[in-house]
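Structure record follows, encoded as structure tokens.
Labels below follow one simple rule: chain letters A, B, ... track the order of the sequence lines, proteins then strands, and each chain is numbered from 1.
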There are 2 protein chains.
Amino acid sequence: MEETLLITKALSDGTRLRIISALKGGELCVCQVVELLKLAPSTVSRHLHILSASGLIRSRKDTRWVYYRLADAGSPKKAARALKWVQGALEGDASIIQDSQALKKITRVSREALCRTQGKR
Amino acid sequence: MEETLLITKALSDGTRLRIISALKGGELCVCQVVELLKLAPSTVSRHLHILSASGLIRSRKDTRWVYYRLADAGSPKKAARALKWVQGALEGDASIIQDSQALKKITRVSREALCRTQGKR
DNA sequence: TTGACATTTCGTCATTTGACGAATTATAAT
DNA sequence: ATTATAATTCGTCAAATGACGAAATGTCAA
């Protein structure tokens with residue numbers, strides 16, 4: 001029950017549903033998610049932690065950046081099934097579509113706009 | 001998004017997951033759910049209302065009793081899919097199994113024990 | 001080494017949530 | 001009619017949750 005509740009609680013927040021949908025297109029670093037959601041980095045980090053603890057997403061640290069992606073083969077089956085369900089439920093959702101539009105711009109210019117260090121080189 | 005959030009929020013509570021699992025065996029009246037959960041009737045009523053508002057369960061009023069059942073054919077597709085997922089996620093769960101044992105006793109003697117009026121006749 | 005930056009952790013605050021009992025509504029028994 | 005019962009609604013309280021900024025951590029650049 002605990003494991004399932006971790007998942008349902010993780011899914012019971014609109015911001016976290018947006019994050020899950022945003023990651024459908026592939027991994028993102030925290031600063032990109034921050035840019036999309038327009039929330040404080042600390043807030044976004046907390047949401048990512050909750051999703052991570054539920055097994056719905058995983059993280060990978062590359063030098064100074066941390067990239068998050070949806071649960072995959074190496075993840076618990078329960079998480080994979082939950083993901084499949086919630087993605088179906090959100091299919092065609094207006095705010096999700098809006099986010100995916102915004103994400104296109106972010107992933108295009110993110111390096112210069114968000115990660116100045118990397119952009120300067 | 002709103003509709004999906006109603007569902008995920010409804011699923012983000014252990015008591016409500018127990019109710020959903022309890023209804024898998026067929027409809028129950030509020031007093032039977034109260035007996036299973038050992039919570040105040042007003043609390044149970046509130047949980048049932050939240051589940052009802054999300055579309056996951058439906059109610060039927062029969063004279064003095066209100067019976068709740070899982071969403072069925074006449075219910076929104078989104079709810080049906082959510083139900084299917086969560087039931088799978090809870091399959092084999094220890095506390096759910098325990099509840100189903102307790103439910104057997106409740107549905108057997110409920111009339112006399114819980115609904116004295118009906119029992120007396 | 002020193003400074004800058006991405007991310008996380010922590011403390012605080014406002015809002016939401018779950019539990020309860022009291023009061024209310026609707027229905028049935030006497 | 002009056003009383004009793006099943007269920008709901010409402011007000012209150014404690015606990016959980018989400019948002020933020022400040023401080024801490026870890027990594028890279030100069």
Side-chain angles (χ1 to χ4, degrees), chain A residues 2 5-19 27-54 57-69 106 110-121, chain B residues 2 5-19 27-54 57-69 106 110-121:
Chain A
E2 279 317 311
L5 265 178
L6 271 180
I7 292 176
T8 56
K9 280 172 187 276
L11 294 175
S12 70
D13 174 88
T15 299
R16 292 196 287 271
L17 294 185
R18 290 175 65 196
I19 292 175
E27 68 179 12
L28 296 172
C29 75
V30 179
C31 64
Q32 291 175 309
V33 181
V34 166
E35 182 67 14
L36 172 69
L37 300 175
K38 313 274 190 200
L39 289 174
S42 61
T43 303
V44 172
S45 181
R46 174 133 196 76
H47 282 303
L48 289 167
H49 175 77
I50 291 170
L51 285 168
S52 224
S54 76
I57 69 174
R58 321 203 82 195
S59 65
R60 165 179 81 84
K61 185 164 189 170
D62 179 33
T63 71
R64 208 187 306 188
W65 292 275
V66 178
Y67 290 88
Y68 285 88
R69 65 182 184 283
I106 290 171
S110 67
R111 291 317 176 200
E112 302 90 74
L114 308 169
C115 307
R116 264 165 274 159
T117 305
Q118 189 168 3
K120 275 188 200 151
R121 295 206 285 112
Chain B
E2 279 317 310
L5 265 178
L6 271 179
I7 292 175
T8 57
K9 280 173 186 278
L11 294 176
S12 70
D13 175 88
T15 299
R16 291 194 288 269
L17 294 186
R18 290 175 66 195
I19 293 175
E27 68 179 13
L28 296 171
C29 74
V30 180
C31 63
Q32 291 174 309
V33 181
V34 166
E35 181 69 12
L36 173 68
L37 300 176
K38 313 276 191 199
L39 289 174
S42 60
T43 302
V44 172
S45 181
R46 174 133 195 75
H47 282 303
L48 289 167
H49 175 77
I50 291 170
L51 285 167
S52 224
S54 76
I57 68 175
R58 322 204 67 171
S59 65
R60 166 179 82 82
K61 184 162 189 173
D62 178 34
T63 68
R64 205 187 310 190
W65 293 276
V66 177
Y67 290 89
Y68 286 89
R69 64 181 185 283
I106 291 171
S110 68
R111 290 318 177 202
E112 301 90 75
L114 308 168
C115 306
R116 262 166 275 161
T117 305
Q118 188 167 6
K120 274 188 200 153
R121 297 207 285 113

_Other residues, nucleotides, ligands: >12 heavy atoms within 6.0 Å of Arg46(B) CZ_ = no
Distance, rounded to the nearest Å, where [X] contributes [atom1] and [N] contributes [atom2]:
X	N	atom1	atom2	value
Arg64(A)	dT8(C)	CZ	C1'	15 Å
Arg18(A)	dG18(D)	CZ	P	15 Å
Leu48(B)	dA7(D)	CG	P	9 Å
Arg60(B)	dA6(D)	CZ	P	16 Å
Leu28(A)	dA6(C)	CG	P	16 Å
Trp65(B)	dA28(C)	CH2	P	8 Å
Gln32(B)	dT5(D)	CD	C1'	15 Å
Asp62(A)	dT7(C)	CG	P	11 Å

*Picking from dT8(D), dT27(C), dC28(D), which would you name as closest to the side chain of Val30(B)?*
dT8(D)
Check [X] against [Y] and note the closest heavy-atom contact, atom names and distance.
X	Y	result
Leu48(A)	Ile19(A)	CD2-CG2, 3.9 Å
Ser52(B)	Arg58(B)	OG-CA, 4.5 Å
Ala53(B)	Leu6(B)	O-CD1, 3.9 Å
Lys9(B)	Arg16(B)	O-NH2, 3.1 Å

*asked:* Just to verify, which of Leu39(B), Thr15(B), Val44(B) counts as forming a side chain to side chain contact (heavy atoms under 4.5 Å, CB included) with Val33(B)?
replied: Val44(B)
*Look at the side-chain N and O atoms of Tyr68(A) and state whether any lies under 4.0 Å from the OP1 or OP2 oxygen of dA6(C).*
no
_Using a 4.0 Å heavy-atom cut-off to protein, can you give one letter per nucleotide of nucleotides 12-25 of chain C, 5' to 3': B if the base is in contact, S if only the sugar-phosphate is, - if neither?_
-----SSSBBB---
